[in-house]
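Okay, so here's the structure we're looking at.
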Amino acid sequence: MSFRMNSVVPTTTRSPEISEIPTPPNQNKDLELGKSDDTIDYMQRAQWLRASVLGANDGLVSVASLMVGVGAASSAAKAMLVSGLAGLVAGACSMAIGEFVSVYAQYDIEKTLIKQGEATDGEENKEPLANPLLAAGASALAFSIGGLLPLLAGAFVKSWGVRLGVVCGVSSLALVAFGAIGALLGGAKPYKGALRVLIGGWLAMLVTYGILKVFSLLFHVNISSSG
């Protein structure tokens, strides 16, 4: 009786055709990487995003605020033009030097880490290093492009009021564009980025205009010229 029961109960055997299906060695790794593809893309974009869109935005806000501030104390077109040009050149040089120093420090760190890795693993690392000159040139160029917009907008307008209005109007449109582009490239909503950058630019121009206006009234500064 016990023999028949043991023989009737089926034994579960695993079919080699089903149980031995090979799993691709990189399948799980690919799935994990697939979850972070977007993050990797945004991190790579951030390296040149800061030196392009944000650099242009810095140039725009700096030059526009400087021109509006000088316009608060002077009705001369030449004064606004010279101040804007000086701000553009000085700002571009400052951005280039600052970026060069910052990226060169990053370059030194990367070089040290690579040497330490080669000494440990014994393998040569051929990953590209940070380029300080390229970063400096990109920052200066981006700042200059942004600064040229308000400078060219107010360069050929003689009327003081119209000139200020044109500079503020062109700068506002450019701020919206830069903010939207930066948000899109960063994976955020365009209208939020545009609004944030626009409000920040308006505050910079308003504060500069207000301080220079108060300064001109207190110290009776009024630069006038036929140009």
Side-chain angles (χ1 to χ4, degrees), residues 38-70 79-118 124-155 167 170-188 190 193-194 196-205 207-208:
D38 294 339
T39 304
I40 294 175
D41 289 340
Y42 292 141
M43 290 300 295
Q44 291 176 351
R45 290 175 182 179
Q47 296 179 0
W48 57 268
L49 176 62
R50 178 171 59 92
S52 56
V53 177
L54 299 184
N57 182 73
D58 289 342
L60 172 65
V61 174
S62 299
V63 175
S65 299
L66 183 58
M67 294 180 67
V68 169
V70 172
M80 289 184 63
L81 179 61
V82 171
S83 63
L85 182 60
L88 189 151
V89 174
C93 293
S94 176
M95 289 286 292
I97 295 173
E99 194 72 11
F100 179 83
V101 173
S102 175
V103 177
Y104 208 100
Q106 179 184 347
Y107 170 82
D108 290 337
I109 295 174
E110 291 177 354
K111 196 172 181 180
T112 302
L113 292 176
I114 289 176
K115 288 182 178 180
Q116 292 177 353
E118 291 176 354
E124 184 179 358
N125 194 322
K126 297 182 178 180
E127 294 183 0
L129 299 176
N131 192 328
L133 291 176
L134 182 61
S139 296
L141 179 62
F143 187 95
S144 299
I145 292 175
L148 279 175
L149 295 177
L151 185 63
L152 294 178
V167 170
V170 171
S171 300
S172 298
L173 293 177
L175 287 171
V176 171
F178 289 154
I181 294 173
L184 284 173
L185 294 177
R196 181 168 56 248
V197 173
L198 179 62
I199 293 176
W202 279 352
L203 286 176
M205 289 186 286
V207 170
T208 307

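Owing to the predicted nature of the structure, the values given are computational and were not obtained by experimental measurement.
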Can you tell me how far apart [atom1] ([X]) and [atom2] ([Y]) are? Round to the nearest 0.5 Å.
X	Y	atom1	atom2	value
Ile181	Leu54	CD1	CG	11.0 Å
Leu88	Phe143	CG	CZ	6.5 Å
Leu81	Met67	CG	CE	6.5 Å
Ile109	Lys111	CD1	NZ	13.5 Å
Leu66	Leu85	CG	CG	10.5 Å
Leu149	Ser144	CG	OG	11.0 Å

Shortest non-hydrogen contact between [X] and [Y], atoms and distance:
X	Y	result
Ser139	Glu99	OG-CG, 3.2 Å
Ala96	Ala140	CB-CB, 3.9 Å
Met95	Gly55	CE-CA, 4.3 Å
Val63	Pro150	CG1-CG, 4.0 Å
Val167	Gly154	CG2-CA, 3.8 Å
Phe178	Val53	O-CG1, 3.3 Å

Are any side-chain N or O atoms of [X] and backbone N or O atoms of [Y], one a donor and one an acceptor, separated by less than 3.5 Å?
X	Y	value
Ser102	Gly98	no
Glu110	Ala130	yes
Ser65	Val61	yes

Verdict with supporting geometry, Val103 and Asn131, side-chain contact (heavy atoms from CB on, under 4.5 Å): CA-CA 7 Å; Val103 177; Asn131 192 328; 5.9 Å; no
Could you check whether atom OH of Tyr104 has more than 12 heavy atoms from other residues, nucleotides or ligands sitting under 6.0 Å from it? no
